[in-house]
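Have a look at the structure below, then the notes.
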Amino acid sequence: MTWGNHSVTMQFVFLAYPSCPELRVLSFLGVSMAYALIITRNVLIVASIQAEARLRVPMYCFLGSLSGVEMCYTAVVVPHILANTLQSEKTITLLGCATQMAFFIGLGSADCFVLAAMAYDRYVDRGIQHFFCDVPPVMPLVCANSHFHELSVLVAATLAIAVPFFLIATSYAFIVATVLKMHSAAGRHRAFSTCSSHLAVVLLQYGCCAFMYLRPRSTYHPQQDQFISLVYTLGTPMLNPLIYTLRNSEMKGAIGKVLTRNCGSLRV
C-alpha cells in the first residue's frame with residue numbers, strides 16, 4: 001500500500017530472538033518461569049488484600065494496584081515473547097505493533113506513578129531489533145522526520161519518569177532525615193534495611209527506564225538495550241512483590257489464610 005511518496009508496510013519482523021533451537025528452548029523456559037512467578041505472587045497479593053478487611057487501607061490499596069498494574073504490564077508483552085520464541089515467523093502487524101506500544105507505555109507509566117504515590121504515603125528491512133514493540137526500537141522505522149516524535153517521547157518520558165522519581169527522591173530524603181533522628185541503633189538499622197531494598201528496586205526501574213527513554217536516538221544500541229528492557233519488563237515486576245509486600249507480616253498472614261481457605265475448599 002502506498003501513501004504519497006512513502007511505502008507503508010503492514011507487517012514487522014522481530015530480529016532479536018535466538019536462531020539456535022537450544023537457545024530458543026532455554027529462553028522460553030527462563031521467561032516462562034519468571035512470568036509464572038510474577039503472576040503467582042501478584043495474584044496472591046491482590047486476592048489477600050481483597051479477602052482481608054483489615055488490609056483495605058491506603059498502603060495496601062497501593063500495593064494491590066501495583067500488583068494489578070504489573071500483571072497487566074507484563075501480560076502485554078510476555079505471552080507474545082513466549083509465542084514468538086517458539087514460532088518460525090516472528091511478525092506483528094502495524095496495528096498490533098501500535099496497540100502493543102500504546103498499552104506497554106500506558107501501563108509502564110502507570111507503574112511508575114504508582115511507585116511514586118507509594119513513596120509519597122524509519123523503515124529498514126521492516127525489522128524491529130527487539131523482543132516487543134517499544135518506542136526506541138520502533139522509532140528508526142519512522143519514514144518522516146522524526147524530530148517531532150523524539151521530542152514528544154522525551155516530554156512524555158520526562159513526565160512519566162523524571163517527575164515521579166523526583167517525588168520519590170524527595171520522599172526518601174524526608175524518610176532518611178526522620179530515621180537519623182531515631183535514638184535506637186537497632187531501629188535505625190531496621191529502617192535503613194527496609195528503605196535500602198525499596199530504593200534498590202526504584203533505582204533499577206527508573207534507572208533502566210531513564211536510560212531507554214531520556215537520551216538522544218543516536219545513542220541507541222539494539223543489542224544492549226534489549227537486555228535492559230528485559231530488566232524493567234521482567235526483573236522489577238518479579239522483585240516488587242518480594243520487596244514491597246511479601247516481607248510484610250500482615251500480608252504473610254493474609255496470604256496464608258487465603259491459601260489455607262482454598263486448600264480446604266479443594267479437599268471438600
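Just so you know, these numbers come straight off a predicted model, no measurement behind them.
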Run the side chain to side chain contact (heavy atoms under 4.5 Å, CB included) test on Phe103 and Thr99 for me, step by step, so that the C-alpha distance in whole Å, both residues' side-chain angles and the decisive distance to 0.1 Å come before the verdict. CA-CA 6 Å; Phe103 277 102; Thr99 302; 3.6 Å; yes
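- By the 4.5 Å heavy-atom criterion applied to side chains, Leu44 and Leu259 are counted as neighbours.
- Checking Asp111 against Gln205 by side-chain atom types alone, a donor-acceptor pair falls below 3.5 Å.
- Interatomic distance, Tyr60 OH to Ser65 OG, rounded to the nearest 0.5 Å: 14.5 Å.
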Kindly determine whether Val43 and Ile45 satisfy side chain to side chain contact (heavy atoms under 4.5 Å, CB included), including the steps that lead there. CA-CA 5 Å; Val43 165; Ile45 290 166; over 6 Å; no
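- A heavy-atom distance below 4.5 Å is found between the side chains of Ile92 and Phe14.
- For the pair Leu66/Phe62, no side-chain contact is recorded, criterion being any heavy-atom separation below 4.5 Å from C-beta on.
- Nearest heavy-atom pair across Ser27 and Thr85 is CB-CG2, 4.3 Å.
- Considering OG of Ser67 and CD1 of Ile49, their distance stands at 6.0 Å, rounded to 0.5 Å.
- The aromatic rings of Phe165 and Tyr206 sit tilted, their planes meeting at an angle between 30° and 60°.
- Grouping the Ile, Leu, Val, Met, Phe, Trp and Tyr side chains by contacts below 4.5 angstrom, directly or via other members, places Val176 with Val202.
- By the 4.5 Å heavy-atom criterion applied to side chains, Val258 and Thr260 are not counted as neighbours.
- Connection of Leu23 to Val25 is not established within any shared hydrophobic cluster, with ILVMFWY side chains joined at heavy-atom distances below 4.5 Å, either directly or through further cluster members.
- Evaluation of the side-chain contact (heavy atoms from CB on, under 4.5 Å) rule for Val179 yields Ile175, Met182, Arg188, Ala191, Phe192 as partners, not counting sequence neighbours.
- Closest heavy-atom contact between Val78 and Val31: CG1-CG1, 3.7 Å.
- Contact record, Ala254 with Glu52: CB-CG, 3.5 Å, taken as the closest heavy-atom pair.
- The two residues Glu70 and Pro241 have their closest heavy-atom pair at OE1-CD, 4.4 Å.
- Leu63 CG to Leu55 CG: the interatomic distance, rounded to the nearest 0.5 Å, is 9.5 Å.
- In this structure a side-chain-to-backbone donor-acceptor pair under 3.5 Å is present from Lys90 to Asn84.
- Taken from CD1 in Ile255 to NZ in Lys257, the straight-line distance is 12.5 Å, to the nearest 0.5 Å.
- Across all non-hydrogen atoms, the minimal contact from Tyr73 to Pro237 is CE2-CG, 3.9 Å.
- Outside the 6.0 Å centre-distance limit, the rings of His80 and Phe104 are not counted as a close aromatic pair.
- A side-chain donor-acceptor contact under 3.5 Å links Thr74 to the backbone of Met71.
- Nearest approach of Arg24 to Pro18, heavy atoms of both residues: CG-O, 3.1 Å.
- Linking ILVMFWY residues whenever their side-chain heavy atoms come closer than 4.5 Å, directly or via other members, leaves Phe174 and Val163 in distinct clusters.
- For the atom pair Thr40 OG1 and Met238 CE, the distance stands at 12.0 Å (nearest 0.5 Å).
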Under 3.5 Å, which donor-acceptor pairs do the side chains of residues 32-39 form with other protein atoms, sequence neighbours left out?
{"residue": "Ser32", "atom": "OG", "partner": "Phe28", "partner atom": "O", "Å": "2.6"}

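- For Val231, the side-chain contact (heavy atoms from CB on, under 4.5 Å) test picks out Leu204, Cys208, Phe227, with sequence neighbours left out.
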